[in-house]
Amino acid sequence: MTIRVVAKNYVKPEKVQEFMDLCKNLVEATLKEEGCIEYGLYQELGNSGILTFLEEWKDEKSLDEHLNSNHFREIFPLFSEYLEKETEVNVYRRAL
């Protein structure tokens, strides 16, 4: 059963472009992972400092493998210097 992840990042206004540059390699590498159906970084229309990863995974195992991948483990810890507050992560399984 597919898993969806919504990871919302509140980026400091002066760091938005740098954050997007940092995420480019993460997105490119993640899209090549087996089990990744969709993975993209989206910018909120009303607030350019809110950048959200919208993800879809084949199953929980695929998501776990992503969270333990070298590219995720190298890049995600760097996020803190760009953020105003901690990333909000919600993980969903289709209910209906």
Side-chain angles (χ1 to χ4, degrees):
M1 176 151 320
T2 62
I3 301 293
R4 291 197 186 230
V5 178
V6 178
K8 193 172 189 177
N9 299 281
Y10 297 86
V11 181
K12 297 171 185 173
E14 70 278 8
K15 297 279 192 178
V16 169
Q17 188 58 54
E18 288 177 58
F19 182 79
M20 288 194 290
D21 292 343
L22 175 68
C23 293
K24 187 176 188 301
N25 291 336
L26 177 61
V27 171
E28 289 172 355
T30 300
L31 287 170
K32 296 175 186 169
E33 289 181 48
E34 188 175 330
C36 177
I37 298 168
E38 170 61 33
Y39 192 90
L41 183 65
Y42 293 81
Q43 192 169 36
E44 188 171 295
L45 291 176
N47 183 341
S48 62
I50 297 178
L51 290 144
T52 302
F53 285 97
L54 300 177
E55 313 172 22
E56 185 173 4
W57 297 92
K58 184 178 87 175
D59 51 29
E60 285 184 72
K61 181 178 180 282
S62 299
L63 175 57
D64 288 342
E65 288 172 0
H66 165 65
L67 296 175
N68 287 301
S69 68
N70 288 337
H71 51 269
F72 182 83
R73 292 175 66 199
E74 287 171 11
I75 296 172
F76 185 74
L78 304 176
F79 280 16
S80 60
E81 76 176 86
Y82 299 91
L83 302 179
E84 293 183 321
K85 62 180 183 176
E86 193 174 328
T87 300
E88 292 176 12
V89 180
N90 294 289
V91 181
Y92 300 91
R93 176 180 289 118
R94 182 182 294 246
L96 296 174

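- Shown here are the salt bridge (Lys or Arg N to Asp or Glu O under 4.0 Å) partners of Glu55, two or more places apart in sequence or in another chain: there are none.
- With rounding to the nearest 0.5 angstrom, the CG atom of Leu54 is 8.0 Å from the CD atom of Glu38.
- Within a 6.0 Å radius of CD in Glu34, other residues, nucleotides and ligands contribute 12 heavy atoms or fewer.
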Considering only distance and modelled atom types, tabulate donor-acceptor pairs under 3.5 Å from the side chains of residues 77-96, sequence neighbours left out.
{"residue": "Thr87", "atom": "OG1", "partner": "Asn9", "partner atom": "OD1", "Å": "2.6"}
{"residue": "Glu88", "atom": "OE2", "partner": "Tyr10", "partner atom": "OH", "Å": "3.2"}
{"residue": "Arg93", "atom": "NH2", "partner": "Glu60", "partner atom": "OE2", "Å": "2.3"}

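- Rounding to the nearest 0.5 Å places CG of Leu51 at 9.5 Å from CD of Glu44.
- Between Gly35 and Ser62, the closest heavy-atom pair is CA-OG, 3.4 Å.
- In this structure, Glu56 CD and Cys36 SG are separated by 9.0 Å, a value rounded to the nearest 0.5 Å.
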Pairs under 3.5 angstrom only: tabulate donor-acceptor contacts from the side chains of residues 17-32 to other protein residues two or more places apart or in another chain.
{"residue": "Gln17", "atom": "NE2", "partner": "Asp21", "partner atom": "OD1", "Å": "3.0"}
{"residue": "Lys24", "atom": "NZ", "partner": "Glu28", "partner atom": "OE2", "Å": "2.6"}
{"residue": "Thr30", "atom": "OG1", "partner": "Leu26", "partner atom": "O", "Å": "2.7"}

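- Residues forming a side chain to side chain donor-acceptor pair (under 3.5 Å) with Thr52 (at least two apart in sequence, or on another chain): none.
- For Lys12, there are no salt bridge (Lys or Arg N to Asp or Glu O under 4.0 Å) partners, not counting sequence neighbours.
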Tell me which donor-acceptor pairs under 3.5 Å the side chains of residues 65-76 have, and how far apart each pair is, sequence neighbours excluded?
{"residue": "Glu65", "atom": "OE2", "partner": "Lys61", "partner atom": "NZ", "Å": "2.6"}
{"residue": "His66", "atom": "ND1", "partner": "Glu33", "partner atom": "OE2", "Å": "2.8"}
{"residue": "Asn68", "atom": "ND2", "partner": "Asp64", "partner atom": "O", "Å": "3.0"}
{"residue": "Ser69", "atom": "OG", "partner": "His66", "partner atom": "O", "Å": "2.7"}
{"residue": "Ser69", "atom": "OG", "partner": "His71", "partner atom": "NE2", "Å": "3.2"}
{"residue": "Ser69", "atom": "OG", "partner": "Phe72", "partner atom": "N", "Å": "3.3"}
{"residue": "His71", "atom": "NE2", "partner": "Glu33", "partner atom": "OE2", "Å": "2.7"}

